[in-house]
S.K.: 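Below are the structure tokens for one structure; questions will follow.
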Amino acid sequence: MGRYLLGRLLTTIPTLLLVSFSVFVLIRLVPGDPIVLMLGDAADAETVRGIREAYGLEEPIYVQFGLWLLKAISGDLGHSISNGAAVAPLILDRFQVSASIVLIAVLVAASISVPLGMIAAWRQNSLTDILVVGGATLLLSLPSFWLGLLLLLLFGLKLGWVPVVGYVSFAENWQGALTYILLPTVTLILIEIGVVTRMARASTVEVLRLEYITHARAKGVSEASVLMRHALPNAFAPTWTLLGLVLGNLLGGIAVVETVFTLPGLGRLLVDAIFARDYPIIQGCMLFTAFLYVIVNLLVDLCYPLFDPRVMAE
Amino acid sequence: MKASNWAYGLAVGAALLGGATAASAQSMARVSINADIRSTYPGVNRDSNTDGVIHHIVEGLVAFKEDSSVAPMLAEKIETSADGLTYTFTLREGLKFHNGAPVTADDVLFSWSKYMNPETKWRCHSDFSKGNSEVVSLDKVDDRTVAFKLKQPSALFLGLLARIDCGSAGILHKDSFAADGSFVKPIGTGPYMLADWKKGEYVELAKFDGYASRTEKRDGYAGARKASIDTVRFVIIPDRSAAKAALYSGSIEVLSDLDVNDLKETKARKGIKVDIAETMGLSGILMQTKDPLLSNVKMRLAIAHAVDTAAIVDAVTLGTAKPNNSPIPSVSAYYGKPQGEMIKYDPALARKLAAEAGYKGEPIKMITNKRYQPSFDSAVFIQAMAKEAGINIELEVIEWATQLDMYTKGDYQMMSFLYSARLDPSLSFDMFAGPKATQPRKVWDNPAAQTLIEQSMTISDTEKRKEIFNKLESMFRQDMPMLVLYNGADIAAYSDKLEGYNAWMAGQPRLWGVTLKQ
């Protein structure tokens with residue numbers, strides 16, 4: 001197990017290097033310049049060149065990458081061109097905001113979706129199934145910004161139950177933090193319920209068709225036991241994989257939800273940095289997101305034996 | 001047990017809602033900004049949001065009034081020598097920094113040395129280190145008096161010193177900097193002090209109780225600037241709909257740049273007031289005079305005559321801005337009859353001119369973006385109007401950073417573009433006129449015009465300057481390198497609990513001289 005873990009962790013190094021280099025090169029190939037954006041319509045060539053030199057942007061790209069990499073290895077991801085903030089602490093700070101919403105949302109969405117998908121599969125082609133699949137498809141089709149704005153207008157503006165803008169961290173005031181993350185979390189839950197329910201239903205339908213289920217039923221095992229003890233462990237594996245992907249995806253990018261609810265999260269940081277061509281922040285965010293993806297998927301893989309002992313045996 | 005659980009739930013719920021209500025009922029004014037500020041160093045790494053915040057904290061020797069003229073701010077009086085080369089500023093008595101230290105001539109010299117250090121990368125460095133307003137020396141005359149010596153007489157010196165995007169060369173206490181000379185935070189003389197900058201969330205300012213206000217009435221960034229609201233919080237709300245919802249729900253008190261499309265709805269809203277002021281920015285259509293097709297002035301004039309400026313401006317700004325075909329803003333004191341004349345909308349003439357230019361329906365690409373919606377809308381209208389005159393314009397919608405890059409390189413045929421405000425006509429012309437060989441971003445490359453612009457920068461006499469600007473106006477319209485459309489408007493929406501708030505030509509929020517009813 002230890003060797004497996006070490007091996008998996010070592011394979012992340014070339015992945016992260018590749019991601020870093022690709023992002024480093026690609027973002028510099030995109031038209032637009034952070035210094036021109038800083039100076040606006042008054043940007044004369046001489047001033048732009050002078051400031052680019054001060055930021056090291058006039059060096060050849062491989063030199064810039066080498067210098068960045070050397071610092072990155074020691075944990076220094078540089079400073080933002082836009083506001084001079086140190087990138088690494090900034091990313092960690094913003095990640096806390098995104099993570100608090102995403103983790104709650106995925107947990108709640110999974111708790112609702114998995115049983116819902118299983119019930120729909122169990123009652124396949126019944127009215128329950130149609131309602132669940134219809135509801136899931138509807139939620140899946142809703143754009144997150146639209147749903148977010150709708151919730152904001154209803155619960156924030158019309159009913160006045162929650163504040164419309166702002167954020168406080170859990171460390172500062174946990175009650176206040178709950179009021180601020182309530183609507184963005186609900187938005188994410190509703191969106192993700194659609195995806196996860198469909199996956200849980202599809203994988204359960206597949207499992208319920210297998211012979212061992214028929215055999216269990218023929219033995220007279222109760223339906224609850226068939227579903228919980230025999231179908232769930234096998235049907236949950238694909239859903240678990242999906243949850244890993246969803247989690248990795250959301251942790252790095254809920255920019256739309258964060259923008260609508262004015263939350264200072266990681267996704268908004270990245271999007272703002274792209275608009276401002278803030279290379280150090282883009283670079284740092286992408287590296288961190290890639291790292292998250294790798295770690296989340298590793299954790300997902302490590303959890304497989306909990307549902308399916310055959311994975312451990314392999 | 002069950003009942004107690006419910007009671008507990010309700011209590012927590014009430015606490016949560018109570019917390020939310022208490023947060024929005026604090027005795028502070030909250031102002032929305034659409035992006036975080038870039039730094040707190042005046043005129044260094046800044047944008048419009050940064051300028052808006054920083055001008056609450058720092059003040060310069062001079063400041064702009066609402067009619068774009070320059071007035072003393074920290075200075076009590078300004079004396080100019082007969083040869084126009086020496087400007088002597090006497091500081092007001094009783095001025096204090098936020099840390100309680102008195103403001104002296106040494107502080108002016110110290111701040112100036114920081115701004116003029118090339119490593120600071122102050123936005124106005126090149127204006128004072130070379131060109132028409134080059135400062136040869138700054139000397140201390142006595143504890144309250146300093147004298148700037150210029151290389152040549154300049155009509156722009158005071159205007160440049162007051163420039164909003166340069167932080168009005170705000171005077172800073174030496175403790176604003178660390179021992180190694182690096183900037184830490186602004187310790188200025190403004191009505192508010194920097195209290196907290198939570199990056200990505202808000203910038204909070206606290207009232208400066210020791211503020212020494214001028215006695216004149218509030219006028220732009222000049223005049224009385226006494227604060228009466230204890231705390232001002234600039235809240236970052238990137239999404240316009242969310243900002244509007246925040247204003248309606250009372251989560252913010254000021255939305256300083258209301259979208260024109262929300263004007264009608266917001267005006268009708270109870271508890272919300274709206275104020276509109278004409279600004280000095282410039283919205284227009286650039287035509288690349290180096291382009292094989294558009295190098296022919298007849299083609300550029302054809303496009304200009306194909307456009308009904310008044311109709312476009314009315315449609316795009318919903319009547320909040322006035323049509324203006326002149327580079328000089330319509331609120332400027334130099335805006336006269338030649339500037340007010342509108343280019344005739346004449347599709348037939350446009351067709352004739354295009355034919356004379358040898359135009360055979362080739363597509364002309366116009367760059368635009370959706371970040372600035374009115375700029376995009378103008379481009380769409382112009383495309384349709386040009387089609388009526390037989391001119392085939394194709395729109396290419398790109399992201400703002402890419403467009404700005406293309407503008408800087410002069411890499412376009414036509415471009416729908418916005419210029420930020422220049423508060424003097426010389427600067428208005430200078431922002432787009434110049435040699436393309438060395439500065440590709442320049443739109444108008446006419447050496448004779450350049451000579452006149454430079455001349456206008458050295459003459460102080462208003463009438464003589466008017467003559468020059470009228471001549472430039474005529475040359476500009478003959479060359480037609482850009483079709484100016486309008487100057488834009490600052491639409492501020494604010495809670496009726498705020499008394500004394502208003503929009504103004506710089507478009508920046510001002511929270512001094514404003515009271516908040518509890």
Side-chain angles (χ1 to χ4, degrees), chain A residues 30-34 36-48 50-51 54 80-85 90 93-94 97 145 148-149 152-153 156-157 160-168 173 175-176 178-180 182 258-265 268-269 271-272 274-277, chain B residues 12 15-17 19-21 23-24 30 32 35-39 45-48 118-119 121 123 125-126 165 198-202 235-239 241-243 245-246 248-252 371 398-408 417-420 431-432 434 438-441:
Chain A
V30 175
D33 184 287
V36 169
L37 279 165
M38 187 194 289
L39 297 171
D41 57 36
D44 70 81
E46 196 188 328
T47 314
V48 171
I51 300 180
S80 157
I81 295 175
S82 298
N83 60 28
L90 187 64
D93 194 40
R94 298 298 188 91
V97 179
F145 75 91
L149 276 176
L152 194 72
L153 291 177
L157 192 57
W161 289 359
V162 285
V164 175
V165 292
Y167 174 77
V168 290
N173 173 1
Q175 290 171 322
L178 278 177
T179 62
Y180 285 112
L182 187 65
E258 287 168 359
T259 302
V260 169
F261 293 102
T262 60
L263 294 169
R268 213 180 97 196
L269 179 72
V271 170
D272 288 346
I274 291 171
F275 282 134
R277 301 291 190 272
Chain B
V12 169
L16 295 181
L17 297 178
T21 314
S24 61
R30 291 152 301 180
S32 80
D36 202 353
I37 62 170
R38 294 180 72 102
S39 80
N45 192 9
R46 43 64 61 193
D47 59 7
S48 178
E119 283 180 14
K121 304 180 199 92
R123 188 172 168 84
H125 179 269
S126 60
D165 53 341
K198 209 153 190 191
K199 289 191 172 82
E201 291 181 55
Y202 59 81
V235 188
I236 299 149
I237 312 177
D239 186 75
S241 304
Y248 290 177
S249 68
S251 297
I252 57 168
R371 176 161 168 179
I398 57 175
E399 187 230 355
W400 173 243
T402 310
Q403 180 174 350
L404 199 56
D405 198 47
M406 293 171 87
Y407 160 79
T408 309
F417 197 75
L418 291 160
Y419 282 101
S420 53
M431 73 185 170
F432 64 86
T438 51
Q439 300 179 66
R441 78 179 197 282

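Order of the sequence lines fixes the chain letters, A, B, ..., with proteins taken first and strands second; residue numbering starts at 1 for each chain. Below, each value reflects all heavy atoms present in this structure, side chains not excepted, and no hydrogens, waters or symmetry copies.
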S.K.: Chain A heavy atoms under 4.5 Å from B/R38: which part of the residue, side chain, backbone, both or neither?
M.R.: both
S.K.: Which of the residues B/K121, B/E119, B/Q439 is involved in the greatest number of heavy-atom pairs with chain A at under 4.5 angstrom?
M.R.: B/K121
S.K.: Please identify, among B/P238, B/A242, B/A246, the residue contributing the most non-hydrogen atom pairs under 4.5 Å to chain A.
M.R.: B/P238
S.K.: Which atom names give the shortest non-hydrogen contact between B/L404 and A/G40, and what distance separates them?
M.R.: CD2-CA, 4.1 Å
S.K.: Check A/M38 against B/R123 and note the closest heavy-atom contact, atom names and distance.
M.R.: O-NH1, 4.3 Å
S.K.: For A/R268 versus B/G200, what's the shortest heavy-atom pair and its separation?
M.R.: NH2-O, 2.9 Å
S.K.: Under 4.5 Å heavy-atom distance to chain B, tell me which part of A/L149 shows up: side chain, backbone, both or neither.
M.R.: side chain
S.K.: Pick one of side chain, backbone, both or neither for B/T402, based on which atoms fall under 4.5 Å of a heavy atom in chain A.
M.R.: both
S.K.: What part of B/F432 is in contact with chain A, defined as an atom under 4.5 angstrom from a non-hydrogen atom: side chain, backbone, both or neither?
M.R.: neither
S.K.: Considering non-hydrogen atoms only, spot the tightest contact between A/G156 and B/S249 and give its length.
M.R.: O-CB, 4.2 Å
S.K.: Look up atom CZ in B/R46 and atom CG in A/L39, then write down how far apart they are to the nearest 0.5 Å.
M.R.: 8.5 Å
S.K.: Checking heavy atoms, do the side chain of B/N45, its backbone, both or neither come under 4.5 Å from chain A?
M.R.: both
S.K.: What pair of heavy atoms forms the shortest contact from B/S420 to A/D41, and how long is it?
M.R.: N-OD2, 2.8 Å
S.K.: For A/V260 and B/D239, work out which heavy atoms get closest and say how close.
M.R.: CA-CB, 4.4 Å
S.K.: With a 4.5 angstrom heavy-atom cut-off, which part of B/K199 approaches chain A: side chain, backbone, both or neither?
M.R.: both
S.K.: Give, for atom OH of B/Y248 and atom CG of A/L157, the distance between the pair rounded to the nearest 0.5 Å.
M.R.: 8.5 Å
S.K.: Would you say that B/E399 contacts A/I274 through its side chain, given a criterion of any heavy-atom pair below 4.5 Å between the two side chains?
M.R.: no
S.K.: Which atoms of B/I398 are under 4.5 Å from chain A, going by heavy atoms: the side chain, the backbone, both sets, or neither?
M.R.: neither
